[in-house]
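To start, the structure under review is shown below, and the notes come after it.
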Amino acid sequence: MSALKKLANKFIVIEGLEGAGKSTAISYIDKWLALQNMPAEKIVYTREPGGTELAERIRDIVKMEVQGETLQDKAELLLMYAARVQLVEHIIKPALADGKVVIGDRHNYSSLAYQGGGRGIDMALIEGLKQLSLGDFTADLTLYLDIEPELGLSRARGRGELDRIERQAISFFQRTRAVFLDLVAKDQNAFTIDASQTPLLVEKAIFTQLDNWLASLN
Ligand code: Z5A
């Protein structure tokens, strides 16, 4: 089967802590897809939370700080899934059904890692919420960019002011990272990339993972 046929209807997700280089990695995936002769109009990009008009409004709520009112951890979790359902139903599923490849900047593992690991919400509750909102829908391939929180945050800081979640303590991101690593270790369709390497080496590692994955598809 040709590479283009194999890639049709595939959902590729990039995960990682802030400053891991997810946006940069997406540009490498783009380059790799161009090498497979994938037409630009066959590629759809998403980000989470966000990606539809309503989901982008939820993103604003999640990122903002409101004087005198703390966003409760469970409210944060519910907002993440509310945004995700909107995105999956309105953008991702229709694109996949249309034979497109979708590249997601974050997806479900972010909720398990940030809200489960970082905030300490019961993982079984999050799994239940995932089932309720998305059923068995899942990424075809997840590339997790692994980075020490200190390094990631220093990169993110270099880009501008940190938002509400980015201002959490380092221990929050350490717990988040531990869950990401655990999830990837248990998922045969997920791979870790060492994001502390130079951009050139990160690009090379991503190309290798994508080549291997493509070769494994029937
Ligand atoms: N969140 C959640 O809690 N639960 C959920 O379910 C979901 C999300 C879906 C979304 O933030 C927030 O929501 C996020 C998790 C939470 N919050 N936190 N904290 P976002 O999408 O706005 O931001 P982000 O996901 O944290 O991404 P980012 O900060 O934009 O980082 P990035 O995309 O991974 O990195 P980048 O922009 O590609 O690179 C960052 C800088 O590093 C930039 O200057 C690059 O030029 C540089 N860079 C990139 N690669 C390298 C290498 N290899 N070496 C050196 N420098 C590099």
Side-chain angles (χ1 to χ4, degrees), residues 13-31 45-52 55-65 71-88 92 103-121 123 125-127 129-130 133-134 138-139 142-177 179-180 183 193-207:
V13 171
I14 296 284
E15 294 276 14
L17 295 181
E18 19 296 307
K22 291 180 297 301
S23 316
T24 315
I26 287 166
S27 71
Y28 301 149
I29 298 178
D30 248 350
K31 200 167 153 186
Y45 304 89
T46 63
R47 68 170 182 182
E48 294 193 31
T52 73
E56 285 293 324
R57 293 194 199 180
I58 295 175
R59 180 184 179 89
D60 291 341
I61 295 173
V62 159
K63 289 194 154 240
M64 74 208 269
E65 203 101 52
L71 182 64
Q72 295 295 304
D73 293 351
K74 284 177 188 159
E76 182 181 78
L77 173 69
L78 292 168
L79 287 171
M80 294 298 175
Y81 277 96
R84 185 163 299 130
V85 174
Q86 291 302 113
L87 178 68
V88 168
I92 300 181
I103 304 176
D105 184 339
R106 297 192 182 279
H107 188 56
N108 194 54
Y109 279 2
S110 279
S111 295
L112 290 159
Y114 283 85
Q115 280 65 52
R119 303 281 189 221
I121 299 176
M123 289 288 185
L125 284 179
I126 304 180
E127 293 285 4
L129 189 53
K130 190 264 169 189
S133 46
L134 302 179
T138 188
T142 300
L143 297 177
Y144 165 62
L145 298 176
D146 184 51
I147 196 159
E148 292 273 353
E150 290 87 348
L151 179 55
L153 286 170
S154 76
R155 284 185 191 169
R157 234 177 256 120
R159 230 188 16 200
E161 224 177 273
L162 301 182
D163 65 31
R164 188 184 63 85
I165 300 178
E166 287 166 341
R167 284 198 288 271
Q168 296 297 310
I170 282 291
S171 55
F172 170 91
F173 296 104
Q174 285 162 344
R175 292 194 298 277
T176 303
R177 182 190 188 198
V179 173
F180 269 133
L183 290 167
I193 308 276
D194 177 359
S196 65
Q197 306 176 94
T198 63
L200 201 63
L201 288 176
V202 172
E203 181 185 63
K204 213 173 147 202
I206 288 176
F207 274 36

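All values below were derived from every heavy atom in this structure, side-chain atoms included, with hydrogens, water molecules and symmetry-related copies excluded. One-based numbering, in listed order, for ligands and for the atoms of each.
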Is there a nitrogen or oxygen of [X] sitting under 3.5 Å from a nitrogen or oxygen of ligand 1?
| X | answer |
| --- | --- |
| D105 | no |
| G21 | yes |
| G19 | yes |
| D163 | no |

If you measure from each non-hydrogen atom of P49 to ligand 1, which part falls under 4.0 Å: side chain, backbone, both or neither?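 Answer for P49: both.
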When you look for heavy atoms under 4.0 Å from ligand 1, do you find them on the side chain of K63, its backbone, both, or neither?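 Side chain only.
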Quick check on [X] - does any of its heavy atoms sit under 4.0 Å from an atom of ligand 1?
| X | answer |
| --- | --- |
| Q168 | no |
| G16 | no |
| R106 | yes |
| G158 | no |

[X] (side chain) donor-acceptor with [Y] (main chain) under 3.5 angstrom:
| X | Y | result |
| --- | --- | --- |
| R106 | G16 | yes |
| E15 | H107 | yes |
| Q168 | F173 | no |
| E166 | D163 | yes |
| R164 | V62 | yes |

Run the side-chain contact (heavy atoms from CB on, under 4.5 Å) check on L125 and L129 step by step: do they pass? CA-CA 6 Å; L125 284 179; L129 189 53; over 6 Å; no
Can you confirm whether some protein heavy atom lies under 4.0 Å from atom 57 (C) of ligand 1, or whether none does?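 Protein heavy atom within 4.0 Å of atom 57 (C) of ligand 1: present.
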Does the protein place a non-hydrogen atom closer than 4.0 angstrom to atom 19 (N) of ligand 1?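 At least one protein heavy atom is under 4.0 Å away.
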How far is [atom] from its nearest protein heavy atom, and which residue and atom name does that atom have?
| atom | value |
| --- | --- |
| atom 45 (C) of ligand 1 | T24 OG1, 4.1 Å |
| atom 3 (O) of ligand 1 | Q115 NE2, 2.9 Å |
| atom 16 (C) of ligand 1 | I165 CD1, 3.7 Å |
| atom 21 (O) of ligand 1 | R59 NH2, 3.2 Å |
| atom 33 (O) of ligand 1 | S23 OG, 2.8 Å |
| atom 42 (O) of ligand 1 | R155 CD, 3.4 Å |
| atom 27 (O) of ligand 1 | K22 NZ, 3.4 Å |
| atom 43 (C) of ligand 1 | R159 CD, 4.5 Å |

May I ask you to list the atoms of ligand 1 that are less than 4.0 angstrom from any heavy atom of [X]?
| X | answer |
| --- | --- |
| A20 | 34 (O) |
| S111 | 5 (C), 6 (O) |
| R84 | 5 (C), 6 (O), 9 (C) |
| Q197 | 52 (C), 53 (N), 54 (N) |
| E48 | 9 (C) |
| E166 | 18 (N), 19 (N), 26 (O), 29 (O) |
| T198 | 53 (N) |

Is the cationic atom of R177 (NZ for Lys, CZ for Arg) positioned less than 6.0 Å from the six-membered ring centroid of F180 and within 45 degrees of its normal?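 Verdict for F180: no cation-pi partner in R177.
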Going by heavy atoms in the side chains, are D105 and I14 under 4.5 Å from each other?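 Answer no - side chains too far apart.
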Would a 4.5 Å heavy-atom cut-off, applied to side chains only, mark P149 and F172 as touching?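 No. Closest side-chain heavy atoms not under 4.5 Å.
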Mind running side-chain contact (heavy atoms from CB on, under 4.5 Å) on L17 and Y114 for me, showing each step along the way? CA-CA 9 Å; L17 295 181; Y114 283 85; 3.8 Å; yes
Shortest non-hydrogen separation from A113 to V179 and the atoms involved: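 So the minimum-distance heavy-atom pair works out to CA-CG1, 3.7 Å.
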Closest heavy-atom contact between G50 and L87?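 Where G50 meets L87 most closely, the heavy atoms are O-CD1, 3.6 Å.
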Could you tell me whether R47 and E56 make a salt bridge, using a distance below 4.0 angstrom between a side-chain N and a carboxylate O?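 Yes.
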Taking K63 first and then E161, would you say they form a salt bridge - that is, a charged N and a carboxylate O separated by under 4.0 Å?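 Between E161 and K63 there is no salt bridge, as every charged N stays at least 4.0 Å from the carboxylate O atoms.
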Counting only heavy atoms not in R167, do more than 12 sit closer than 6.0 Å to its CZ atom?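 Count over threshold, so yes.
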